[in-house]
Amino acid sequence: MPRHKTLIDITQRLMRRFEEERDLDVEEEFIAYVVHLLARDLRRGLLKCDLNKPRACEINRFIDGIIKDYMDPTDPTMTIMKMSWIMKKGKTIDLKYVKEQYEEKFQEELDILIEDILQHPETCSKLQLDQLFSKMQVFIVACYNLGSPKNHVLLKLTAQALNSVIGRSDLQNYVLKKKYHRMEYLKRLAATVGGIVIFNNDTPEGDRQNVRYVIEDLEMAQTNTEEAFHTALKQASQMRSFCQMAVEENIKIDANDMTLSYRVPLERLQRLNQFSLMYAMFYRCLNTLHLSYENTKYLVNVEQKRYQCVIAKINDTLSMRTAIESELIFPHFVYLSQVWTNLNNFLNHIVELNKLREHLESLIPMDIKSLAESTVAEILAIRQRIKSDSVVSFDERMAALKMHQTDGNFCNLARADINEFCALTLTITNGLILPAHVQRKLCMNVNISFGFRDHRFARYAELRFEQFIEAFRKVIFQNANLALLFHLDEELLRQELSDFVEVPSKQIDFCGQTEMVVTNDLSVPNWINVTWNVWDYHRETIHLADIRKKQTRDTQTKVNYGQRNAQNQANSPRREM
């Protein structure tokens, strides 16, 4: 596939130039993603170039443009691609993934301590038992994130709880157990003692300085996270609306006369539209993270109720009796440790979501906001200099897109969230986004909901559906920013980014050799059938044919069993005496 090989070659050239000229360590997978996606862009890509027979000047221009955009932190297109890549590779959005990663990393650190505990011999001295007891304290503190294992106050509180569960005699019996039994007992012991420490510290008189209290950590994390997301979403929404309003003021779409009027050239407005797309993408990414945070927040509330419930249950059990059997109270402490672990996992997930949010915010410095505002001022100045409007019909705008081809599938739009923006405005202006107020399903066979400014826009698209949808499809799939905004990049590049596999040929060359001709294996067993005389083959053939003629038929078998001429034989009946 020449096209695929050309894009791979462009990726390799970019990687070499980044390394040699810029001395940058760039992720090759991201550069391949940028190349395959930007190559389809109508304005900055290679759609006007035949990639099966590419021209060197077009390829060099494309490569120079990518390098320039990558090095420019204020370029909206590259910023959108970086945000999309962060969200695509941001597996920490998933709570289950965060839990598995933290547990795997945590278990690697605990394995060293566990191995140190299990290596104590059966004949332990008093000093070795004391060391084992101290190691158990550290293991319990580290296993349930109760605080710093170096904090002597926390270790003292853990030792008190451990003494209430296991004594010196029990410790001696512990080292006499088999290794796998000791491992199971150590886990149950850690869960029980950890629950006791957590319960003792839950009171208002608990030691908050030395013993970690995850409930307060979660409350603080939720307050800070909600405030940060609210601020970021508000700023993104304001800047998106600011850019869209500036675009809307410079174009006029008349659905009755089917005309588009504009004073500032549309290509000038496209520059401002890039900032509008960037802030819209930023808002959607933040909203995705915020929804994930809201789900985790709900789970935190549920788990906190469980925490309070088990604390109340333990208090009720302890208040009713003076002496309580371990089988009655210890399971509650184990359950409390499990709830504590779940709360820690939720806190870790909130931390990871904040890291992703901060990474996204770092991609949009204050310079981009200033550049967007200066672009609006520049467009306003141009509008004041131009005295008359340019008027063009809808048909002319749609016909201008017929010369360009795209392999984007219309059915892929069903997976995209395109109803937020006016589809007719996108089509007529070749990519300018304005908010939609009406939603309409134009195609009954495919579940695709389109957004429009009002019912007149929707009516026009419904009456001229074939012409509209063909132009709309080309606008979406020939604009890299729109494809990223509507999450169509994966469907668009599924074949391009997959490993190139050559189709196997239907004809296969067969490699055979003549029978009884052994060229390499001349061992003693093979010398029986090896000869270099052609007449030996003839004699062997005649010999085999003679054996074939003398093969045994069923006649001999029937004779042996006395069945030959059985139809002519008769048996006399037995006479009775």
Side-chain angles (χ1 to χ4, degrees), residues 27 29-30 33 82-114 139-140 142-146 183-184 187-188 190-191 194-195 198 212-226 228-229 232-233 281-310 334-361 415-417 484 487 489-491 494 497:
E27 188 178 357
E29 190 177 358
F30 172 69
Y33 177 75
K82 290 178 181 179
M83 286 191 291
S84 175
W85 188 254
I86 289 173
M87 299 300 294
K88 189 183 299 295
K89 295 299 179 180
K91 296 181 180 180
T92 53
I93 299 175
D94 185 15
L95 174 61
K96 182 179 179 181
Y97 176 82
V98 174
K99 178 182 177 182
E100 292 175 353
Q101 292 299 311
Y102 270 82
E103 288 181 351
E104 181 180 355
K105 181 181 178 181
F106 191 58
Q107 190 61 39
E108 292 177 358
E109 299 175 354
L110 283 181
D111 286 342
I112 301 175
L113 185 57
I114 292 174
F139 174 75
I140 294 169
C143 188
Y144 290 97
N145 292 311
L146 300 177
M183 183 64 194
E184 295 177 359
K187 291 181 179 179
R188 294 198 304 269
I198 295 168
R212 183 166 172 263
Y213 191 55
V214 72
I215 303 298
E216 290 183 353
D217 295 344
L218 278 169
E219 292 176 355
M220 183 182 299
Q222 290 181 75
T223 302
N224 296 335
T225 302
E226 289 177 356
F229 271 113
L233 287 170
M281 183 68 176
F282 183 47
Y283 184 86
R284 286 195 171 187
C285 292
L286 288 175
N287 193 43
T288 301
L289 296 180
H290 187 252
L291 290 177
S292 180
Y293 163 73
E294 289 293 334
N295 294 334
T296 303
K297 179 183 176 181
Y298 171 77
L299 296 176
V300 168
N301 293 332
V302 173
E303 208 66 21
Q304 284 180 344
K305 293 179 180 178
R306 291 179 181 176
Y307 178 85
Q308 299 299 333
C309 181
V310 68
V334 173
Y335 184 73
L336 182 61
S337 299
Q338 295 175 357
V339 173
W340 183 272
T341 302
N342 293 336
L343 291 174
N344 276 288
N345 290 331
F346 298 149
L347 179 60
N348 294 333
H349 187 226
I350 294 175
V351 171
E352 293 298 328
L353 290 177
N354 277 284
K355 289 181 181 179
L356 286 176
R357 176 188 55 78
E358 292 173 356
H359 196 177
L360 290 173
E361 290 178 349
R415 304 180 182 180
D417 186 13
L484 290 169
H487 304 294
D489 49 323
E490 291 186 0
E491 296 295 333
R494 186 178 297 277
L497 292 178

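Residue indices begin at 1 and follow the sequence shown.
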Side chains of N344 and Y144 only: does a donor on one sit below 3.5 Å from an acceptor on the other?
no
Q107 and D111: side-chain donor and acceptor closer than 3.5 Å?
yes
Taking atom CD of E303 and atom CG of N345, what is their separation to the nearest 0.5 Å?
9.5 Å
Test Y33 against D489 for side-chain hydrogen bond (donor to acceptor under 3.5 Å, both in side chains), laying out the working first.
CA-CA 9 Å; Y33 177 75; D489 49 323; 2.5 Å; yes
Any donor-acceptor N or O pair under 3.5 Å, side chains R284, N287
no
Roughly how far, to the nearest 0.5 Å, is CG of L146 from CH2 of W340?
6.5 Å
If you look at every heavy atom in F139 and A190, which pair is closest and at what distance?
CE2-CB, 3.6 Å
Electrostatic pair E184:K187 at N-O distance under 4.0 angstrom
no
Going through the distances and angles, do L356 and T92 end up as a side chain to side chain contact (heavy atoms under 4.5 Å, CB included)?
CA-CA 8 Å; L356 286 176; T92 53; 3.4 Å; yes
Ignoring hydrogens and geometry beyond distance, is a side-chain donor-acceptor pair present between E29 and W85 at under 3.5 Å?
no
Verdict with reasoning, K99 to D94, per salt bridge (charged side-chain N to carboxylate O under 4.0 Å, His left out)
CA-CA 9 Å; K99 178 182 177 182; D94 185 15; over 6 Å; no
Output the distance between atom CE (M87) and atom SG (C285), rounded to the nearest 0.5 Å.
5.0 Å
Yes or no on salt bridge (charged side-chain N to carboxylate O under 4.0 Å, His left out) for E352 and K355, after CA distance, side-chain angles and deciding distance?
CA-CA 5 Å; E352 293 298 328; K355 289 181 181 179; 3.5 Å; yes
Are the side chain of H349 and the backbone N or O of I93 linked by a donor-acceptor pair below 3.5 Å?
yes
With a 4.5 Å limit on heavy-atom distance, are the side chains of K89 and F30 in contact?
no
Which heavy-atom pair separates A232 from L286 by the least distance, and what is that distance?
CB-CD1, 3.6 Å
Closest heavy-atom pair, Y293 versus E226, reported as atoms and distance to 0.1 Å, is OH-CG, 3.1 Å
With a 4.5 Å heavy-atom cut-off, do E490 and K88 have their side chains touching?
yes
Gap separating the CG atom of L343 from the CZ atom of R306, nearest 0.5 angstrom:
10.0 Å
What's the spacing between I350 CD1 and D217 CG if we round to 0.5 Å?
10.5 Å
State, to 0.1 Å, how close G194 and I140 come at their nearest heavy-atom pair, and which atoms those are.
N-CG2, 3.9 Å
Between I198 and Y213, is the side chain to side chain contact (heavy atoms under 4.5 Å, CB included) condition met? List the steps.
CA-CA 8 Å; I198 295 168; Y213 191 55; over 6 Å; no
Residues A191 and S337: closest non-hydrogen pair is O-OG, 2.5 Å
Is the backbone N or O of F346 less than 3.5 Å from a side-chain atom of T296, with the two atoms forming a donor-acceptor pair by type?
no
Working to the nearest 0.5 Å, report the span between CG of L353 and CG of N348.
11.0 Å
pair L299-L95: side-chain heavy atoms closer than 4.5 Å
yes
Taking the side chain from R357 and the backbone from L289, do they hold a donor-acceptor pair closer than 3.5 Å?
no
Show your working on side chain to side chain contact (heavy atoms under 4.5 Å, CB included) between I215 and Q304 and close with a plain yes or no.
CA-CA 8 Å; I215 303 298; Q304 284 180 344; 4.2 Å; yes
